[in-house]
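Just follow the structure's listing: the first ligand is 1, and inside any ligand the first atom is 1.
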Amino acid sequence: VQIIFNEKNIRKNQAEQTFGYSKKHMKKIGLIGYGCVGQGFVRYLAQQAALEFEIAGIAVKRNDIKRPFTIIPIHYNADRLIEDPSIDIIVEAIDDAEAAFLYATRALRNGKDVITANKKMVATHLTELLELQNETQRKLYFEAAVAGSIPILHLLQSYYRREPLTRLRGILNGTTNYVLTKIFNEKLDYRKALRQAQKLGFAESEPSSDVTGADAWYKSKLLAYRAFGVDLDLAEIMYYGIDTLHEDDIRYARSRQKRIKLIPIIQPTSEGIVAWVLPHLVDPSDSFFTIDNEFNCIELEGGFIGRQQLIGKGAGSLPTAAALVGDLNALETRNKQNVHSQKAGDPAQIQIEVYIRDHEILSQNTIPFEEVKEGYMDDSYHYLVGFIDLKKLIALKPWLYQRRCTVIATGQYKINTKSAATHHQETAYCATNQKAWA
Ligand code: HSE
């Protein structure tokens with residue numbers, strides 16, 4: 001680390017000599033959190049971007065943890081940075097969503113721009129944060145909260161700003177993708193694969209957020225906001241994770257030459273935007289089939305662009321730090337508000353085909369399938385495959401989860417088109433794996 005900082009000084013001196021930069025032109029940053037992502041951020045700025053930005057101080061919660069050496073002053077109280085008038089930007093890389101919210105709101109009120117990696121904080125307080133941003137005329141950026149190093153939020157705000165998007169689909173959680181890759185490609189055990197993901201710094205400090213699908217759930221809300229200007233109610237976004245996966249489910253997928261991936265979908269309907277996050281059966285012809293390990297992917301479909309995919313590392317210290325630096329870059333150019341301001345749709349607009357496994361017999365009495373396509377039962381392995389109304393699936397989720405059932409989407413779903421036939425013809429044309437239902 002010392003070598004890195006020597007390098008920083010060399011670069012700073014070079015910058016002063018070459019471009020006439022001096023300390024007084026530098027933007028001062030207060031960094032809250034010096035864990036996996038915070039350390040990556042310090043490393044990035046020290047090596048690459050230190051010309052215009054200087055980390056004036058780092059705030060951490062505990063003084064009993066060994067951390068890498070740094071010449072940057074360490075504080076044990078974040079107020080030291082939030083109340084410091086010489087600091088221009090607060091960068092947050094902490095897990096605690098409520099603490100992150102308090103720091104972010106106070107920093108905005110104190111006239112600072114805020115960059116955060118905390119998706120739970122932004123997803124659960126989006127409305128208040130947007131209002132505060134307007135009121136204070138400061139910026140809150142959260143590129144690092146969605147898909148790690150892929151600059152999707154900034155691209156939605158700039159490049160795709162006016163694109164009439166017809167669907168977004170993604171792999172947004174690096175940890176579960178890593179675990180599923182290890183299970184399917186290397187036949188590794190779920191727990192061992194999860195421990196590896198934790199060791200590599202992909203998982204949240206509380207990895208249940210990853211494996212239950214909650215992490216991808218928060219990210220989907222943020223993605224929907226940037227893509228469609230809609231503030232979806234989290235309770236209306238169905239999510240189910242991979243923590244109930246059983247070896248029977250893996251065998252079911254393998255026997256059909258498929259893999260399982262945790263996939264969020266954001267779908268405009270004639271009534272508004274609907275989103276859901278489910279494990280999906282993915283077939284070899286789908287490009288998501290080979291998105292492996294901690295890689296994330298975002299697929300956009302739009303009237304003008306057709307279909308595009310962005311692929312990159314979605315978790316880990318340096319890729320996430322790169323997204324924080326991306327936000328610093330954006331602060332220099334100050335992007336505008338969304339062009340779109342769509343409304344939330346009713347999840348009952350979507351009928352989704354799912355495989356549901358239980359250890360007891362399943363029937364249409366317990367699971368309100370609209371139609372059942374396939375079923376199986378033996379002593380302890382029972383499954384049904386069929387279409388179900390997404391709203392009914394949301395209502396059923398606590399029951400399913402409490403019984404440790406598995407829920408996997410086949411990738412087929414239907415949108416209730418009602419009168420908006422033209423829009424849905426376009427949608428059906430642009431998207432794969434979905435059928436119009438008139
Ligand atoms: N735990 C997250 C993931 C980190 O695995 O994707 C990046 O948001």
Side-chain angles (χ1 to χ4, degrees), residues 33-41 44 91-97 100 115-124 126 141-154 168-183 188 190-226 234 239-243 245 260-264 277-280 288 291-298 310-327:
Y34 195 45
C36 177
V37 174
Q39 287 165 27
F41 179 71
Y44 193 130
V91 174
E92 284 185 346
I94 56 170
D95 283 340
D96 181 340
I115 293 173
T116 183
N118 195 308
K119 50 245 159 186
K120 180 174 180 187
M121 185 272 279
V122 187
T124 50
L126 186 62
Y141 285 145
F142 43 92
E143 186 65 74
V146 182
S149 63
I150 306 176
I152 184 62
L153 300 184
H154 286 299
L168 266 80
R169 197 171 71 110
I171 292 178
L172 296 184
N173 182 268
T175 303
T176 47
N177 204 41
Y178 182 88
V179 170
L180 291 169
T181 303
K182 295 290 159 195
I183 290 175
L188 208 72
Y190 172 90
R191 292 196 182 282
K192 210 164 172 186
L194 182 57
R195 270 199 303 276
Q196 281 186 6
Q198 285 176 278
K199 244 192 226 151
L200 290 164
F202 304 150
E204 300 298 299
S205 53
E206 181 40 78
S208 64
S209 171
D210 295 295
V211 295
T212 59
D215 178 84
W217 180 52
Y218 299 131
K219 290 169 175 168
S220 304
K221 167 162 173 157
L222 301 181
L223 206 49
Y225 168 67
R226 274 290 178 245
L234 279 168
Y239 77 97
Y240 214 86
I242 64 161
D243 56 332
L245 275 193
I260 298 170
K261 299 277 182 193
L262 184 66
I263 299 182
V277 181
L278 288 172
H280 275 69
F288 280 19
I291 305 293
D292 285 338
N293 296 318
E294 79 273 30
F295 277 81
N296 279 194
C297 178
I298 293 157
L310 300 155
I311 300 168
K313 287 192 176 177
S317 172
L318 295 181
T320 312
L324 293 173
V325 176
D327 279 345

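Nearest protein heavy-atom contact of atom 8 (O) of ligand 1 is K119 NZ, 2.6 Å.
Within the 4.0 Å heavy-atom shell around ligand 1 one finds K219. For G148, the heavy-atom gap to ligand 1 stays at 4.0 angstrom or more.
Salt bridge annotation for E206-K120: absent, with no cationic side-chain nitrogen under 4.0 angstrom from a carboxylate oxygen. K261 and D292 are joined by a salt bridge, as a carboxylate oxygen and a charged side-chain nitrogen come within less than 4.0 angstrom of each other.
Atoms of ligand 1 found under 4.0 Å from any heavy atom of E204, numbered from 1 in the order shown, are 1 (N), 2 (C), 4 (C). For ligand 1, the atoms lying closer than 4.0 Å to a non-hydrogen atom of F202 are 1 (N), 2 (C), 3 (C), 4 (C), 5 (O). Atoms of ligand 1 found under 4.0 Å from any heavy atom of D210, numbered from 1 in the order shown, are 1 (N), 2 (C), 3 (C), 5 (O). Below 4.0 Å from some heavy atom of T175 lie the following atoms of ligand 1, by number and element: 1 (N), 3 (C), 5 (O). Those atoms of ligand 1 with a heavy atom of G174 less than 4.0 angstrom away are 3 (C), 5 (O), 6 (O). Numbered from 1 in the order shown, with element, the atoms of ligand 1 that lie under 4.0 Å from a heavy atom of G314 read 6 (O), 7 (C).
Among the atoms of A203, none of the N or O lies under 3.5 angstrom from an N or O of ligand 1. Here's the thing with A144: none of its N/O atoms is less than 3.5 angstrom from an N/O atom of ligand 1.
With contacts defined as side-chain heavy-atom distances shorter than 4.5 Å, the pair Y225/L153 does not qualify. Counting only heavy atoms from C-beta outward, the side chains of E143 and I152 approach each other to under 4.5 Å. L245 has its side chain within reach of L180: a pair of non-hydrogen atoms, C-beta onward, lies under 4.5 Å apart. Counting only heavy atoms from C-beta outward, the side chains of V179 and R195 never approach each other to under 4.5 Å.
Within a 6.0 Å radius of NZ in K182, other residues, nucleotides and ligands contribute more than 12 heavy atoms.
Atom-to-atom distance recorded for Y178:OH and L200:CG is 5.0 Å, nearest 0.5 angstrom.
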